[in-house]
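Just so it is clear, the values below take in all heavy atoms, side chains as well, and ignore hydrogens, waters and symmetry mates. Counting starts at 1 for both ligands and their atoms, following the listed order. Just so you know, residue 1 is the first one in the sequence shown, and it goes up from there.
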Amino acid sequence: MKPISIAIDGPAAAGKSTVAKIIAAKLSYVYIDTGAMYRALTFAGQRTGVDLNNENELVEILQSINISFENTAFGQNVLINGEDVTEIIRTPEVTNEVSIVAKHRLVREEMVRRQQELGSKGGVVMDGRDIGTHVLPNAEVKIFLLASVEERAQRRHAENLSKNFPSDLVQLQREIAKRDQLDSERAVSPLRKAADAIELDTTSLSIDEVVDKIMDIAVKKLAK
Ligand code: CDP
Ligand code: CDP
């Protein structure tokens, strides 16, 4: 069976990476977390001390780093020039500034180029904000995952508490809403549902229910 490409987009904490990883495992496909690439660049910029509003400086940093993924028994690691940054790119410091980095046109052009290269052979499940619209416009399956902002904040809150991280539900909701606004209103490839994407509101769905729905769609495409 010819491998297909599956694009999963949507706002923060809609469940994209959770379901994308499960679907990739079920199909023996490669999972590509494009958000992790923007997070890695944000962390690299912060560590170097550049102004994240300075597009040219960020592009220079991006050109000097290789961002790669490594699958382990415990999940997927994210590496910058071979250094494991999996945990540190999820801190609130990175999360709250990543949308500044992701608004720059030249940064996005280079990220999209790298993401298209990673997805060039098909057999990928890629999640992000612009996968169906820009990165993989010909993906056979395009999903746009949604959930209310209250539910998304609650999910992140539960996740934080399960890891014993400090967590404030009201603050999380505010931060998620702010990031959604920046991602949806930026000039370059804003967060949008592709015209041919299937919208799935997951507010009252379990992870398994979401996975089943997407798998049904993928299996039908594979059978064609
Ligand atoms: O996991 P979460 O939804 O919180 O975020 P993420 O997928 O790790 O993405 C982090 C940020 O990177 C987003 O808020 C966007 O600003 C940016 N991003 C993007 O602009 N385009 C993508 N394809 C993926 C992420
Ligand atoms: O990648 P994205 O930011 O869209 O979300 P995520 O990190 O995959 O999911 C955020 C949290 O919501 C995780 O703790 C999931 O276990 C949980 N969750 C979900 O993803 N989907 C549901 N239908 C219910 C809960």
**Asked** Does Lys16 come within less than 4.0 angstrom of ligand 1, counting non-hydrogen atoms of the residue?
**Response** yes
**Request:** Indicate, as side chain, backbone, both or neither, the part of Ser206 found under 4.0 angstrom from ligand 2 when only non-hydrogen atoms are considered.
**Result:** backbone
**Nearest-neighbour protein heavy atom for atom 9 (O) of ligand 1, which is reported as residue plus atom name and distance** = Gly35 CA, 3.5 Å
**Prompt:** In terms of side-chain heavy atoms, does Asp208 have a donor or acceptor partner in Ser206 at a distance below 3.5 Å?
**Reply:** no
**Request:** Examine the proximity of ligand 1 to Arg39 and report which part, side chain or backbone, both or neither, has a heavy atom under 4.0 Å away.
**Result:** side chain
**Message:** Distance check, rounded to the nearest 0.5 Å: Leu145 atom CG versus Lys213 atom NZ?
**Reply:** 11.5 Å
**Prompt:** Polar-atom distance check: Leu205 versus ligand 2, any N or O pair below 3.5 Å?
**Reply:** yes
**Complete:** Closest heavy-atom approach to atom 16 (O) of ligand 2 among Val211, Thr203, Ile176, Ile207 is made by Ile207
**Request:** Enumerate the residue pairs fulfilling side chain to side chain donor-acceptor pair (under 3.5 Å) with a member in residues 138-147, sequence neighbours excluded, ordered by first and then second residue.
**Result:** Lys142-Asp196
**Message:** Using a 4.0 Å heavy-atom cut-off, which part of Arg156 comes near ligand 1: side chain, backbone, both, or neither?
**Reply:** side chain
**Asked** So which protein heavy atom does atom 10 (C) of ligand 1 come closest to, and at what separation?
**Response** Arg179 NH1, 3.6 Å
**Prompt:** What pairs meet the salt bridge (Lys or Arg N to Asp or Glu O under 4.0 Å) rule with one or both residues in residues 122-132, with sequence neighbours excluded?
**Reply:** Arg108-Asp130, Arg129-Asp183
**Asked** At under 4.0 Å between heavy atoms, which part of Arg129 makes contact with ligand 1: side chain, backbone, both or neither?
**Response** both
**Message:** With respect to Ala12, determine whether any N or O atom, backbone or side chain, lies less than 3.5 Å from an N or O atom of ligand 2.
**Reply:** no
**Request:** Note the single closest protein heavy atom to atom 24 (C) of ligand 1, along with its residue, its atom name and the distance in Å.
**Result:** Thr34 OG1, 3.3 Å
**Fill in**
Counting from 1 in the order shown, the ligand 1 atoms closer than 4.0 Å to a non-hydrogen atom of Ala102 are 16 (O), 17 (C), 20 (O)
**Prompt:** CG/Leu41 to CG/Leu62 distance, rounded to the nearest 0.5 angstrom?
**Reply:** 5.0 Å
**Prompt:** Counting each atom of ligand 1 from 1 as listed, which ones have a heavy atom of Asp183 under 4.0 Å away?
**Reply:** 13 (C), 14 (O), 15 (C), 16 (O)
**Asked** Do NZ/NE/NH1/NH2 and the carboxylate oxygens of Glu159 and Arg155 come within less than 4.0 Å?
**Response** no
**Message:** On a heavy-atom basis, I'd like to know which of Glu97, Arg108, Met111 is closest to atom 21 (N) of ligand 1.
**Reply:** Arg108
**Complete:** Distance col, row Asp216:CG vs Lys221:NZ, nearest 0.5 angstrom, shows 13.5 Å
**Complete:** Separation between OG1 (Thr42) and CG (Asn96), nearest 0.5 Å, reads 11.0 Å
**Under 3.5 Å: N/O of Ser17 near N/O of ligand 2** = yes
**Item:** Sub-4.0 Å heavy-atom approach of Ala13 to ligand 2
**Value:** yes
**Inter-residue atom distance Thr202.OG1 - Leu146.CG, 0.5 Å rounding** = 7.5 Å
**Message:** Need the ligand 1 atom indices (1-based, order shown) with element for anything under 4.0 Å from a heavy-atom of Asp130.
**Reply:** 21 (N), 22 (C), 23 (N)
**Request:** Give a yes/no on ligand 1: does Met37 have at least one heavy atom closer than 4.0 angstrom to it?
**Result:** no
**Prompt:** Taking C-beta and beyond as the side chain, do Met37 and Phe69 meet within less than 4.5 Å on heavy atoms?
**Reply:** yes
**Complete:** Within 4.0 Å of some non-hydrogen atom of Ala14, the atoms of ligand 2 are 2 (P), 4 (O), 5 (O)
**ligand 2 atoms in contact with Thr18 (distance to a heavy atom under 4.0 Å)** = 6 (P), 8 (O), 9 (O), 13 (C), 15 (C), 20 (O)
**Fill in**
Any heavy atom of Glu159 under 4.0 Å from ligand 2? The part involved is side chain
**Fill in**
Looking only at protein heavy atoms, what sits closest to atom 20 (O) of ligand 2 is Gly15 CA, 3.1 Å
**Message:** Between Glu175 and Arg179, does any side-chain N to carboxylate O distance fall below 4.0 Å?
**Reply:** no
**Request:** Could you tell me the separation between the CZ atom of Arg39 and the CD1 atom of Ile67, rounded to the nearest 0.5 Å?
**Result:** 13.0 Å
**Request:** Could you tell me whether Glu110 and Arg114 make a salt bridge, using a distance below 4.0 angstrom between a side-chain N and a carboxylate O?
**Result:** yes
**Request:** Under 4.0 Å from a heavy atom of Val98: give me the atoms of ligand 1 that qualify, with their elements.
**Result:** 10 (C), 11 (C), 12 (O)
